[in-house]
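Computed from a prediction, not measured in an experiment: that's the story for all the values here. Numbering starts at 1 and runs along the sequence shown.
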Amino acid sequence: MIKDNVRDAINIQMNREFFSEFLYLAMAGYFESVNLKGFSRWMQVQAQEEHAHGMKFYGYLVDQGARISIDAIEAPQAEWANPLAAFEHALGHEQRVTGLIHDLMELAMSEMDHATAGFLQWFVSEQIEEEANATEIVFKMKLASAEKGAVLLYLLDHELGKRGKT
Ligand SMILES: [Fe+2]
Ligand SMILES: [Fe+2]
């Protein structure tokens with residue numbers, strides 16, 4: 001049986017994942033408003049991923065026989081100064097989520113809750129990817145505005161990335 005404090009902490013994180021879904025949907029809407037359809041598409045897929053994360057926590061609580069507790073989700077920010085600011089926000093958000101997942105893991109470990117620690121390991125790995133993806137995009141956006149010839153550099157990088165095994 002899962003302990004009450006671990007159950008409550010997982011419920012809170014489940015709701016936070018749904019907030020992440022809302023935040024990325026808000027960013028998708030912002031990108032639509034500045035006619036960046038590709039950026040909006042990326043954010044819509046990201047929102048779907050966050051929904052799936054929330055449902056993973058949901059499924060875990062159900063498997064543990066715990067009661068699901070759905071909270072009100074606060075309205076996310078709706079406007080950003082520019083596209084880079086939105087992606088920097090996304091990166092900062094993922095860094096905060098990583099810290100929260102680590103806090104959860106520490107709670108599970110301190111409670112000797114091996115099942116929850118094992119379950120959370122997927123999220124620990126997922127956060128590495130989440131931060132890496134956002135970092136790469138922020139870096140490329142900064143490059144695009146800072147360097148002359150950045151577009152050619154980007155296209156060349158894309159071309160080199162297609163190289164197969166020898
Ligand atoms: Fe997530
Ligand atoms: Fe995320």
Side-chain angles (χ1 to χ4, degrees), residues 1-32 36-80 83-142 157 161 165:
M1 255 316 259
I2 195 168
K3 287 186 179 162
D4 287 358
N5 58 340
V6 177
R7 174 202 64 200
D8 291 348
I10 288 180
N11 246 312
I12 288 168
Q13 187 57 35
M14 175 188 69
N15 282 287
R16 286 196 190 115
E17 297 291 341
F18 293 136
F19 172 76
S20 294
E21 178 187 5
F22 275 32
L23 176 64
Y24 290 130
L25 262 184
M27 288 181 181
Y30 160 72
F31 283 122
E32 301 276 6
L36 287 170
K37 298 276 182 190
F39 281 76
S40 178
R41 169 84 193 146
W42 193 95
M43 284 297 175
Q44 287 174 52
V45 173
Q46 190 63 20
Q48 286 168 2
E49 274 198 18
E50 298 300 350
H51 184 77
H53 292 171
M55 292 311 293
K56 246 183 203 292
F57 284 110
Y58 177 104
Y60 183 68
L61 288 170
V62 169
D63 287 347
Q64 286 284 359
R67 187 74 175 83
I68 299 294
S69 168
I70 301 293
D71 282 338
I73 296 170
E74 94 183 78
Q77 187 175 329
E79 292 294 339
W80 287 268
L84 177 61
F87 257 100
E88 281 179 325
H89 185 165
L91 175 58
H93 179 71
E94 289 302 333
Q95 288 166 338
R96 275 191 298 282
V97 171
T98 299
L100 293 165
I101 295 289
H102 290 180
D103 289 348
L104 258 181
M105 179 63 104
E106 275 159 38
L107 175 67
M109 281 160 46
S110 71
E111 293 291 351
M112 310 275 231
D113 184 340
H114 298 281
T116 300
F119 165 75
L120 288 171
Q121 188 55 51
W122 184 89
F123 284 93
V124 171
S125 304
E126 172 70 6
Q127 282 309 119
I128 296 171
E129 202 182 301
E130 293 277 71
E131 283 192 39
N133 290 342
T135 299
E136 185 186 344
I137 295 165
V138 165
F139 182 84
K140 282 181 171 164
M141 289 174 86
K142 282 182 173 167
D157 183 57
K165 283 190 183 129

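Under the ring-ring contact (aromatic ring centres under 6.0 Å, His included) criterion, W80 pairs with Y30, H89, not counting sequence neighbours. With sequence neighbours excluded, no residue forms a salt bridge (charged side-chain N to carboxylate O under 4.0 Å, His left out) with R16. By the side-chain hydrogen bond (donor to acceptor under 3.5 Å, both in side chains) test, K56 pairs with no residue at all, sequence neighbours left out. Considering only residues two or more places apart in sequence or on other chains, Q48 meets the side-chain hydrogen bond (donor to acceptor under 3.5 Å, both in side chains) condition with none of them. Residues forming a side-chain contact (heavy atoms from CB on, under 4.5 Å) with K140 (at least two apart in sequence, or on another chain): E136, Y154, D157. In this view, Q46 and E50, E130 satisfy the side-chain hydrogen bond (donor to acceptor under 3.5 Å, both in side chains) rule, not counting sequence neighbours. With sequence neighbours excluded, the residues forming a salt bridge (charged side-chain N to carboxylate O under 4.0 Å, His left out) with E32 are K37, listed by chain and number. Partners of E106 under the side-chain contact (heavy atoms from CB on, under 4.5 Å) rule, at least two apart in sequence or in another chain, do not exist in this structure.
Here salt bridge (Lys or Arg N to Asp or Glu O under 4.0 Å) pairs that include residues 40-49, with residues two or more places apart or in two chains, number zero. Under the salt bridge (Lys or Arg N to Asp or Glu O under 4.0 Å) criterion, the residue pairs touching residues 111-127 are K3-E111, with sequence neighbours excluded.
To the nearest 0.5 angstrom, M141 atom CE is 5.5 Å from L84 atom CG. Residue Q95 holds its CD atom at 12.5 Å from CG of L100, rounded to the nearest 0.5 Å.
Side-chain contact between M105 and Q121: present, with at least one pair of heavy atoms (C-beta onward) separated by less than 4.5 Å. Between I10 and V6, the closest side-chain pair of non-hydrogen atoms falls below 4.5 Å. Taking the side chain as every heavy atom from C-beta outward, S20 and H53 never approach each other to under 4.5 Å.
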task = Could you walk me through whether W42 and I137 pass side-chain contact (heavy atoms from CB on, under 4.5 Å), step by step?
result = CA-CA 11 Å; W42 193 95; I137 295 165; 3.5 Å; yes
request  = Please lay out, stage by stage, how F18 and F57 fare under the test side-chain contact (heavy atoms from CB on, under 4.5 Å).
outcome  = CA-CA 11 Å; F18 293 136; F57 284 110; over 6 Å; no
Kindly list each side-chain donor-acceptor pair under 3.5 angstrom involving residues 21-29, sequence neighbours excluded, with atom names and distances?
unit_1	atom_1	unit_2	atom_2	d
E21	OE1	H51	ND1	3.0
Y24	OH	E94	OE2	2.6

N/O donor-acceptor pairs under 3.5 Å from side chains in residues 58-72, not counting sequence neighbours:
unit_1	atom_1	unit_2	atom_2	d
Y60	OH	Q64	NE2	2.9
Y60	OH	T116	N	3.1
Y60	OH	T116	OG1	2.7

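Contact detail for E131 and L91: the closest heavy-atom pair is O-CD1, 3.8 Å.
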